Participant: 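Take a look at the following structure, please.
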Amino acid sequence: MRAQSDTARIDILIDEPIGTIAPEIYGHFVEHLGGVVYDGVWVGEHSKIPNVGGVRKVLVDRFRTIKPAVVRWPGGCFADSYDWHDGVGAPDKRPRRTDFWADTPPSQNRAATNGPQRFDPNRFGTNEFVRFCRLTGAAPYIAANVRSLPAKDLYQWVEYCNAPAGATTMSELRAASGETEPFGVRYWGVGNEPWGCGGNFTPEEYATEFRRYTAWVPKYGVPLKYIAAGPNGGDRDWTTKFFRTLTARGAGALNGVFGWALHYYSGTTGDRNAIQFSTDDWYELIARADRMESLVTDHWTAMAEFDPAHKVKLVVDEWGAWHGASPDMPPNYLWAYPGSLRDALVSALTLDTFNRHADKIAMANVAQLVNTIHSLFLAKEDQFIVTPNFHVFAMYAAHQGGQSVRTVISAPSIAITRGRPGVTTLWGLAGSASLRNRELTVTVVNPHATDARPCAIAIRGGSVRSARATVLTSTDLRAHNSFEHPDALAPRDATVTVASGAVRHTFPAASVTRLDLTLG
Ligand code: AHR
């Protein structure tokens with residue numbers, strides 16, 4: 001039913017399920033880095049900034065709305081220098097320690113201050129993190145220290161979190177702080193980026209450490225799900241060598257691994273400015289973000305050599321675009337910026353990629369939640385805004401728990417001059433679809449900087465009774481929110497045409513769209 005004017009077509013094959021989209025794919029990450037924890041999440045009980053037990057209230061309120069399934073903490077690189085004992089017990093007795101990121105030169109050569117971003121007061125520790133998770137409805141995912149603490153500390157951290165009240169000295173320590181009931185933490189990361197800040201291991205060395213750190217940890221009735229720290233981007237060799245060593249003493253070792261973590265940052269462009277960029281920069285970043293597709297399939301294929309049944313799933317526990325800091329944010333916040341429409345497209349195409357690979361990806365954690373890198377929120381003292389990334393997560397929340405179904409898209413591709421080596425074109429439209437009962441959620445990215453895409457959308461195996469559209473777009477590629485203009489870029493409703501059970505919609509230039517289709 002392509003009309004003369006349609007330049008694109010989407011076929012949604014509702015009888016070809018891919019897998020259930022794990023809600024955890026819509027996961028988050030909070031590290032003791034810059035202004036993420038101190039100021040972003042934690043303002044303290046006695047702050048004049050409205051808070052819930054010390055946690056920034058407006059953050060809790062906005063974050064809850066996007067149904068965060070999981071939050072990773074305390075790092076990142078910070079995790080492998082963090083002693084969890086420092087962050088438990090009486091808050092006024094906790095030690096102050098040098099943060100992993102303390103010596104990072106503040107962006108743009110502005111002077112750093114000696115605040116909590118540099119010398120961590122440990123005011124936000126395990127209890128406070130779990131409090132934050134409970135307030136927002138997310139499951140905690142704790143990344144343990146492999147570089148600078150022995151395996152015993154992972155064992156005892158699990159005990160502190162999960163042992164029943166009164167059972168052990170660790171659970172009594174927890175109870176003494178008012179937390180009688182166990183936290184029931186299921187997700188445990190075993191180090192972070194062991195090829196770099198996590199210890200400069202070889203994959204073989206790390207595989208051996210992984211086996212040792214996860215051996216015989218008491219479970220206290222909680223099904224522990226270990227996440228092994230995987231490759232940096234396309235380092236397929238790391239994946240192959242880890243799995244070869246892990247399984248050297250038998251394939252049974254695979255039963256002890258829930259997820260294989262992949263990190264990929266699509267980087268930045270030009271002079272690293274998050275807001276000022278050219279149209280070529282626009283396409284370059286989008287093309288680089290699109291690499292997630294091949295990273296997922298490549299590592300999945302590499303894993304299959306040792307894990308043909310695919311017991312171990314992928315966990316993309318750090319992803320996003322990474323620009324330079326905004327001059328409007330304090331220097332110690334390191335990479336804090338508001339993000340633009342361009343970053344929203346990076347979010348959308350990445351989440352669509354995860355949805356399309358719902359059979360492979362068990363969790364993903366955008367880096368990071370607030371005040372750094374690909375953040376959803378920006379907070380400075382009593383000022384707070386949502387970024388375009390937040391709007392994408394809000395639009396895409398409907399996919400969580402849905403059945404991902406095969407979606408075939410044809411649209412004229414876009415010639416690009418920069419981006420990834422050997423890549424000279426970018427797809428014209430990309431997206432994903434998921435089904436829950438008779439509700440079909442379709443999300444689509446149009447990366448073209450100037451051209452809208454009229455499109456026919458056919459549902460193979462069903463017909464559409466009614467449709468609604470929500471669109472995030474602007475005629476200004478650099479559109480963004482700021483403390484002065486917090487709603488400069490926000491989603492709006494748009495028109496969708498339904499005729500004889502089929503759908504027609506024009507995807508605006510530079511846009512992210514969600515279609516809510518009710519099937520007959
Ligand atoms: O997210 C910022 C940092 O990027 C993390 O600490 C580290 O794991 C990665 O290199």
Side-chain angles (χ1 to χ4, degrees), residues 27-38 40-41 70-82 97-107 117-118 120 124 129 141-148 187-201 203 206 210 227-235 238 242 259-268 272 274 288-289 291-292 295 314-326 329 332-337 339 343 346-347 350 363-378 387 389:
H28 301 271
F29 175 30
V30 165
E31 177 169 8
H32 290 241
L33 177 163
V36 178
V37 169
Y38 299 108
V41 176
V70 62
V71 181
R72 178 177 184 240
W73 171 86
C77 291
F78 177 86
D80 279 296
S81 59
Y82 181 60
R97 305 279 188 211
T98 306
D99 187 281
F100 172 87
W101 299 96
D103 292 333
T104 307
S107 307
Q117 292 81 16
R118 210 159 175 219
D120 193 313
F124 190 87
F129 170 59
Y141 163 15
I142 291 180
N145 181 341
V146 169
R147 190 192 74 224
S148 56
Y187 300 113
W188 290 89
V190 182
N192 170 75
E193 299 191 350
W195 35 264
C197 63
N200 289 323
F201 292 107
Y206 173 67
F210 179 87
I227 291 143
N232 182 19
D235 187 356
W238 180 273
F242 171 86
W260 179 234
L262 162 68
H263 289 183
Y264 177 57
Y265 290 96
S266 41
T268 186
R272 299 181 55 81
R288 284 212 223 132
R291 189 173 167 220
M292 186 64 83
L295 291 175
L314 280 164
V315 168
V316 187
D317 59 13
E318 290 187 29
W319 66 269
W322 191 332
H323 310 293
S326 160
M329 295 299 287
N332 268 8
Y333 288 26
L334 302 182
W335 301 285
Y337 48 82
D343 298 295
V346 169
S347 291
T350 305
M363 186 196 291
N365 309 74
V366 59
Q368 300 191 10
L369 182 67
V370 52
N371 281 349
T372 208
I373 315 178
H374 203 77
S375 72
L376 280 74
F377 306 103
L378 209 62
T387 71
N389 295 324

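Values in this document were obtained by computation on a predicted structure and should not be read as measured data. Indexing begins at 1, ligand by ligand and atom by atom, following the structure's order.
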Participant: Closer than 4.0 Å to some heavy atom of Gln368 - which atoms of ligand 1 meet that?
Facilitator: 1 (O), 2 (C)
Participant: Does the side chain of Phe29 reach to within under 4.5 Å of the side chain of Asp317, using non-hydrogen atoms?
Facilitator: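 The answer is no; the side chains never approach within 4.5 Å.
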Participant: Is there a side-chain contact between Val30 and Gln368 (heavy atoms, below 4.5 Å)?
Facilitator: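 No, too far: nothing below the 4.5 Å cut-off.
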Participant: Could you tell me which atoms of ligand 1, counted from 1 in the order shown, lie closer than 4.0 angstrom to a heavy atom of Trp322?
Facilitator: 2 (C), 3 (C), 4 (O)
Participant: Given that the side chain starts at C-beta and the backbone is N, CA, C, O, which of these parts of Tyr265 lies under 4.0 Å from ligand 1, counting heavy atoms, or is it both or neither?
Facilitator: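 The answer is the side chain.
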Participant: Using a strict cut-off of 4.0 Å, indicate which atoms of ligand 1 neighbour a heavy atom of Cys77.
Facilitator: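 Heavy-atom distances to Cys77 below 4.0 Å select 5 (C), 6 (O), 7 (C), 8 (O).
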Participant: Can you list the atoms of ligand 1 that are under 4.0 Å from a heavy atom of Phe29?
Facilitator: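 Within the 4.0 Å cut-off of Phe29, ligand 1 contributes 1 (O).
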Participant: Do the side chain of Asn332 and the main chain of Gln117 share a donor and acceptor less than 3.5 angstrom apart?
Facilitator: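 No, Asn332 side chain to Gln117 backbone: no donor-acceptor pair under 3.5 Å.
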Participant: Number the atoms of ligand 1 from 1 as they appear, then name those within less than 4.0 Å of a heavy atom of Glu31, with their elements.
Facilitator: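 Close to Glu31: 1 (O), 2 (C), 5 (C), 6 (O).
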Participant: Check each atom of ligand 1 against the heavy atoms of Glu193 and keep those under 4.0 Å away; list them by number with element.
Facilitator: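 Heavy-atom distances to Glu193 below 4.0 Å select 7 (C), 8 (O), 9 (C), 10 (O).
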Participant: Does the plane of the ring in Trp322 sit parallel, tilted or perpendicular to the ring in Trp335? Use 30° and 60° as the thresholds.
Facilitator: perpendicular
Participant: Is it the side chain, the backbone, both or neither of Thr372 that has a heavy atom closer than 4.0 Å to ligand 1?
Facilitator: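 The answer is neither; Thr372 stays 4.0 Å or more away.
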Participant: Which heavy atom of the protein is the closest neighbour of atom 9 (C) of ligand 1, given with residue, atom name and distance?
Facilitator: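 Of every protein heavy atom, Glu318 OE1, 3.0 Å lies nearest to atom 9 (C) of ligand 1.
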Participant: Taking side-chain contact (heavy atoms from CB on, under 4.5 Å) as the criterion, tell me which of Asn145, Asn192, Leu33, Asp120 meets it with Phe78.
Facilitator: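 Output: one option passes, namely Asp120.
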Participant: In this structure, is the centre-to-centre distance between the rings of Trp195 and Phe242 below 6.0 Å?
Facilitator: no
Participant: Numbering the atoms of ligand 1 from 1, which are under 4.0 Å from a heavy atom of Ile373?
Facilitator: 1 (O), 2 (C)
Participant: How many angstroms lie between OG in Ser266 and CE in Met292, if you round to the nearest 0.5 Å?
Facilitator: 7.5 Å
Participant: Taking heavy atoms and a distance under 4.0 Å, where does Trp101 meet ligand 1: side chain, backbone, both or neither?
Facilitator: side chain
Participant: Determine whether His374 and Asp343 make a side-chain contact, defined as any pair of heavy atoms from C-beta on separated by less than 4.5 Å.
Facilitator: yes
